[in-house]
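Comments concern the structure below.
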Amino acid sequence: MSRYDPATTEARWRQAWDEAGVFTARRDEAKPKYYVLEMFPYPSGRIHMGHVRNYTMGDVVARYKSSCGFSVLHPMGWDAFGMPAENAAMEKGGHPKEWTYGNIAVMRDQMKPLGLSIDWSREFATCDPEYYGQQQSMFIDFMDKGLVYRKNAVVNWDPVDMTVLANEQVIDGKGWRSGAVVERRELTQWFFRISDFAGELLEALDGLKDWPEKVRLMQANWIGKSRGLQFAFDTVGAPEGFDRLEVYTTRPDTLMGASFAAISPDHPLAKALEATDPKVAEFVAECRRIGTSEEALEKAEKKGWDTGIRVRHPLDSSWELPVYIANFILMDYGTGAIFGCPAHDQRDFDFATKYGLPIPPVFVAEDAQEAALAEAFVPMKSERVRYVRGFAGEGVQTGDEAVNAAIDHAEANGYGKGVTNYRLRDWGISRQRYWGCPIPVVHCADCGVVAEKKENLPVRLPDDVSFDVPGNPLDRHPTWRDCACPSCGKAARRETDTMDTFVDSSWYYARFTSPRAATPTDAADVDYWMNVDQYIGGIEHAILHLLYSRFFARAMHICGHLPAKAIEPFNALFTQGMVTHETYATRGADGRPVWQLPEDVIRDETGARLKDGTPVEVGPSIKMSKSKKNVVDPMDIITRYGADTARWFVMSDSPPERDVEWTASGAEATHKHLSRVWRLAHEVTTRGEGNPAHDTDLLRAMHKTIAEVTTGIEGFAFNKAVAKLYEFTNTFAKSDASAAAKRTAMLTMAQLMSPMVPHLSEDIWSMLGGSGLVAGAPWPKADPAMLVEDSVTLPIQINGKRRAEITVPKDMPPAEVEKIALADESVIKFLAGQPVKKLIVVPGRIVNVVV
RNA sequence: GCCCGCGUGGUGGAAUGGUAGACACAGGGGACUUAAAAUCCCUAGGCCGAAAGGCCAUGCCGGUUCGAGUCCGGCCGCGGGUACCA
């Protein structure tokens, strides 16, 4: 063999690893453990470059930690429930189960050639009854501990298809299939009490030192702790039972700037008015057509309906404010009712302007006069302002001080109380869909809602279902719902809601520690393996998945399924960027774009066209998605160049947290580089003796590379580690050191490359007579003595511009450096006799002369 | 709308507040070859200049600093999330 030949060698190495069992995770009490986990994939059909990038990153960490002496757990599974399986069944026929397991088989076959160091013996899918049965068992535990309840909540209702729609399926307020205007509808649904944990989930963020700051910030904002005032207005002209209207505000200091009150269309008062007044009903119905997503509500034009009801101002009972029903007030936050202060809130300002309401300012900038406002004046709460209509505290104070003074004033005078509120809402887990984990409860006419007996678990999904009509097949199944009440034994009906798929992904990391246990977790295994030491996944999961998992771990701990140390399940988190590609489109007869696959497009300097010459429009590089067809099948690259080329490419160039653009030329160049390394290694075995006088230079470079690559991998700077390996390759190629030194250097290079390109590294390792497998060799250590430099080059700046440089011994005292710098020819020339005002010497870094 | 990011040559990117552009891709030039491929060498931010060198330059506008890609304030553009996409 005399050339790099991944097509034949890669499969051989994978077999060698399997036979040696190097990736089987073992509980070894003598070793420190390391649990590395990448967010498991949804089995959509085929793997894409994003998967390759995500799983290669995890694999680099897993292989590196393994060679550092850790007992590593690196598992893989499938987040297998979800809507696409049902959509496929509706569109193409077939069964979600077959579609899902078929996709899993394909994707597993595509992943295996990547040579990931995964312990495949632990694989499972969340749609396996063995998995979701354990989840049902925990649901019942959660019920016992009071963590679950039912209440009414709104869903998107498609009145034509007679089905519930996900927010994603609502496009511009219309159902994606029927095109019908979507309505809001209330259903009784199941909830987890995550909001009981709001304070704890917020405070514990501080302890997540190895999470990205941005993720902690996003979660903190999402939980949204606020301190404010809750009080009640007395109403005038309201229906019976609505004598008072409770409101919550985070800005009680602006109470004197109130100009209206507003309630949510879902507020009980709005519902009472709706029942008797058709015009209110019409307005409320219009509000309900906006949809349920926060984005849709916030972006919709702000509209209100004057109910005619008035409320008395708590500080002046002769002052009456109108009460509006407003489409932007959320029933889920606070009390579902607010007072509007248009002078200091832009949304209220727009509303007041629209409906001709007064805009009295409460405070002005510290040095300003009161004047009519062109827009709301909303300074930071920490800023000092002058209160012109204050009622609590000093005239000039910060917003924070005034808020506290207002709360104190309300409490002292008995018209309100300080309340801590959270934006975080309880987690609604009910889905009116088939392909999910059935909620294991039974509805009995006599006993009410009763949990299924644990010995009857799993409550299995029936296989005989059809998707030819919209709606939930469980609900219309002829027999599946029929069952015996677990409590009294009489005929009863099963719950037909299934669980949100976020439930499935909220504990899979724990299940990986003992995937075949007869209980959700096994105490000894979970104690040894938890926590996940390094979790890796997309930034799009920064809030929901990660917050739900943090809640779920706490709930599991309460039910005895996780030890106390695991209530924060992920010690370190890394969020990686996406893989993007240019988009290509031709135009259809109607002028709309027809997306084209990159493999069908011929791309050169002159532009892009199809093989038949049809011109192609080139669009921006965006996240690879099936709908835009800008996907590159990694299998093509793997087949053509080998897995290591795909792995090396996704690890090089782009920093892992940033998006990376896929280019075909990049893959080819990557392959050339790997071939070059292989060739250089091969030459070590064929070339004669070099010159031992140059050994030290090569070995110094080698030790420097060990240090830099190690730092790079530890810090998730894989692109920099790769760059350093390129640099060392160039040094190596130019070196004519002795054969022995070159052999040492190349064996080390193989080790340093092995987390990224494990197959090629094994090739080189065996070619040069390394012992055993690289996969089993300990990570090389840099010799500190070889890293020391004795002289350093310092740039000299004059007034901040670089004008010269000097080379001095590394430890030269600053006073000496000053002398040499000022004596430098170019410096003298630039100074031209001007006196030196200031001289800054940063040892080892820079000299700056200020004149 | 709101929350969180990101923005550096033709391209991907590098740079504990201290020489902006490491490393690589694409490009240009050359060597080898009958030729091509492969490989190797050189070159390379922009503008001015024969050169030495100078000026400009990290999305835009300001600020802090001896010194700002990096810190602060305000814009613009792009991306992620927005609770039923996963």
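Every value quoted in this text rests on a predicted model; they were computed, and no experiment measured them.
- Set against B:C55, B:C23, B:U19, the side chain of A:P795 has B:U19 as its closest nucleotide.
- Atom P of nucleotide B:U82 and atom CG of A:L546 are separated by 13 Å, given to the nearest angstrom.
- If you check B:C23, B:G80, B:A83 against the side chain of A:N167, the one that comes closest is B:A83.
- Across all strands, A:S505 comes closer than 4.0 Å to no nucleic acid atom at all (heavy-atom distances).
- Between A:S654 and the phosphate of B:G13, there is a side-chain N or O to OP1/OP2 separation shorter than 4.0 Å.
- Using a cutoff of 4.0 Å between basic side-chain nitrogens and carboxylate oxygens, A:E727 and A:K720 are not scored as salt-bridged.
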A:E91 and A:R177: CA distance, side-chain angles, deciding distance, salt bridge (Lys or Arg N to Asp or Glu O under 4.0 Å) verdict:
CA-CA 11 Å; A:E91 280 162 19; A:R177 281 183 212 287; 3.4 Å; yes

Nucleotide by nucleotide, nucleotides 63-71 of chain B touches protein heavy atoms under 4.0 Å in the pattern (B base, S sugar-phosphate only, - none) ---BS----

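- The backbone N or O of A:T496 lies less than 3.5 Å from a partner atom in the side chain of A:N472, making a donor-acceptor pair.
- Taking only side-chain nitrogens and oxygens, A:R425 never comes nearer than 4.0 Å to OP1 or OP2 of B:A83.
- For A:M218, the listed nucleotide lying nearest its side chain is B:G80; candidates were B:C84, B:G80, B:U39.
- Here B:C3 presents its P atom at 12 Å from CZ of A:R347, a figure rounded to the nearest Å.
- Less than 6.0 angstrom separates the ring centroid of A:Y4 from the ring centroid of A:H671.
- The side chain of A:N221 lies closest to B:C4, out of B:C4, B:G13, B:G81.
- For A:V164, whose side chain is taken as the heavy atoms from C-beta onward, the closest listed nucleotide among B:A86, B:C84, B:A14 is B:C84.
- Side-chain contact check for A:D158 and A:S178: at least one donor-acceptor pair (N or O, by modelled atom type) lies under 3.5 Å.
- A gap of 28 Å separates the C1' atoms of B:A24 and B:G77, to the nearest Å.
- Across all strands, A:G428 comes closer than 4.0 Å only to sugar-phosphate atoms, never to a base (heavy-atom distances).
- For A:E295 against B:G81, a side-chain-to-base donor-acceptor contact under 3.5 Å is absent.
- Residue pairs meeting the salt bridge (Lys or Arg N to Asp or Glu O under 4.0 Å) criterion with at least one member in residues 793-803 of chain A, sequence neighbours excluded, are A:R802-A:E805.
- The main-chain N or O of A:R288 is never found under 3.5 Å from a side-chain atom of A:E183 such that the two would form a donor-acceptor pair.
- Applying the ring pair (Phe, Tyr, Trp, His ring centres under 6.0 Å) test to A:F351 and every residue at least two apart in sequence or in another chain returns A:F260, A:Y324, A:F328, A:Y355.
- Using modelled atom types, one side-chain atom of A:R550 and one backbone atom of A:L201 make a donor-acceptor pair closer than 3.5 Å.
- Ring centers of A:F40 and A:W78: at least 6.0 Å apart, outside the cut-off.
- We find that CH2 of A:W435 is positioned 18 Å from C1' of B:C85, with the value rounded to whole Å.
- Atom pair A:L725:CG and B:G13:P shows a separation of 19 Å (rounding to whole Å applied).
- The distance from atom CE of A:M83 to atom C1' of B:C85 is 5 Å, rounded to the nearest whole Å.
- Here the side chains of A:F502 and A:L544 are in contact, with some heavy-atom distance below 4.5 Å.
- Set against B:A83, B:G1, B:U19, the side chain of A:E298 has B:G1 as its closest nucleotide.
- Counting any heavy atom pair closer than 4.0 Å across all strands shown, A:W222 reaches a base atom.
- Straight-line distance between the P atoms of B:C25 and B:C40: roughly 10 Å, to the nearest whole Å.
- No N or O donor and acceptor, one from the side chain of A:Q169 and one from the base of B:C85, sit under 3.5 Å apart.
- For the C1' atom pair drawn from B:G10 and B:A26, the interatomic distance equals 8 Å after rounding to whole Å.
- Atom CZ of A:F728 is separated from atom P of B:A24 by 14 Å (rounded to the nearest Å).
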Expected output check: what is the dot-bracket annotation of RNA chain B, where ( ) and [ ] are pairs inside the strand (brackets for crossing ones), | is paired with another strand, and pairs are Watson-Crick or G-U under 3.5 Å?
(((((((..(((.....[....))).(((((.......))))).((((....))))..(((((..]....))))))))))))....

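- Atom pair A:D504:CG and B:A86:P shows a separation of 10 Å (rounding to whole Å applied).
- The residue A:K672 sits close only to the backbone: its heavy atoms come under 4.0 Å of sugar-phosphate atoms, none of a base.
- Comparing B:U19 with B:U70, their C1' atoms sit 16 Å apart, to the nearest whole Å.
- Comparing A:L187 and A:R802 by the nucleotide of RNA chain B that holds the closest heavy atom to each, the one mapping nearer the 5' end is A:R802.
- No donor-acceptor contact under 3.5 Å links the side chain of A:R423 to the base of B:U82.
- A cation-pi geometry, defined here as NZ or CZ lying under 6.0 Å from the six-membered ring centre and within 45° of its normal, holds between A:R150 and A:W190.
- Against the 90° criterion about 0, the sugar-base torsion of B:G9 places it in the syn range.
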Please step through salt bridge (Lys or Arg N to Asp or Glu O under 4.0 Å) for the pair A:D350 and A:K302, ending with a clear verdict.
CA-CA 8 Å; A:D350 295 341; A:K302 308 295 178 283; over 6 Å; no

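- Cation-pi check for A:R423 over A:W222 is met; the charged atom lies under 6.0 angstrom from the ring centroid and within 45 degrees of its normal.
- Between A:N719 and B:A22, a side-chain N or O to OP1/OP2 separation shorter than 4.0 Å is absent.
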Sort me out a list of protein N/O and nucleotides 40-45 of chain B N/O pairs below 3.5 Å, or just none if empty.
{"unit_1": "B:C40", "atom_1": "OP1", "unit_2": "A:R676", "atom_2": "NE", "d": "2.9"}

Between protein and nucleic acid, restricted to nucleotides 5-9 of chain B and to nitrogen or oxygen atoms under 3.5 Å apart, what atom pairs and distances do you find?
{"unit_1": "B:G7", "atom_1": "OP1", "unit_2": "A:R658", "atom_2": "NH2", "d": "3.4"}

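- Side chain of A:A669, nearest nucleotide from B:A86, B:C23, B:C25: B:C25.
- Comparing B:U65 with B:C75, their C1' atoms are spaced 23 Å from each other, to the whole Å.
- Between the side chain of A:Q189 and the base of B:C84, a donor-acceptor pair under 3.5 Å is found.
- Counting only N and O atoms by type, the side chains of A:D426 and A:Y149 include a donor and acceptor under 3.5 Å apart.
- In A:R640, the CZ atom is not crowded: 12 or fewer heavy atoms of neighbouring residues, nucleotides or ligands sit closer than 6.0 Å.
- Within the 3.5 Å criterion, the main-chain N or O of A:D348 finds a donor-acceptor partner in the side chain of A:D345.
- Each of A:P655 and A:V722 was assigned the nucleotide of RNA chain B with the nearest heavy atom; the assignment lying further toward the 5' end belongs to A:P655.
- When rounded to the nearest whole Å, the span between CG of A:N730 and P of B:A22 equals 13 Å.
- Using a 4.0 Å heavy-atom distance criterion, A:F502 is classed as a base contact.
- Between A:F81 and A:W435, the angle of the ring planes goes over 60°, which puts this pair in the perpendicular group of the 30/60° scheme.
- Atom name P, nucleotides B:G28 and B:C78: the rounded distance is 34 Å, in whole Å.
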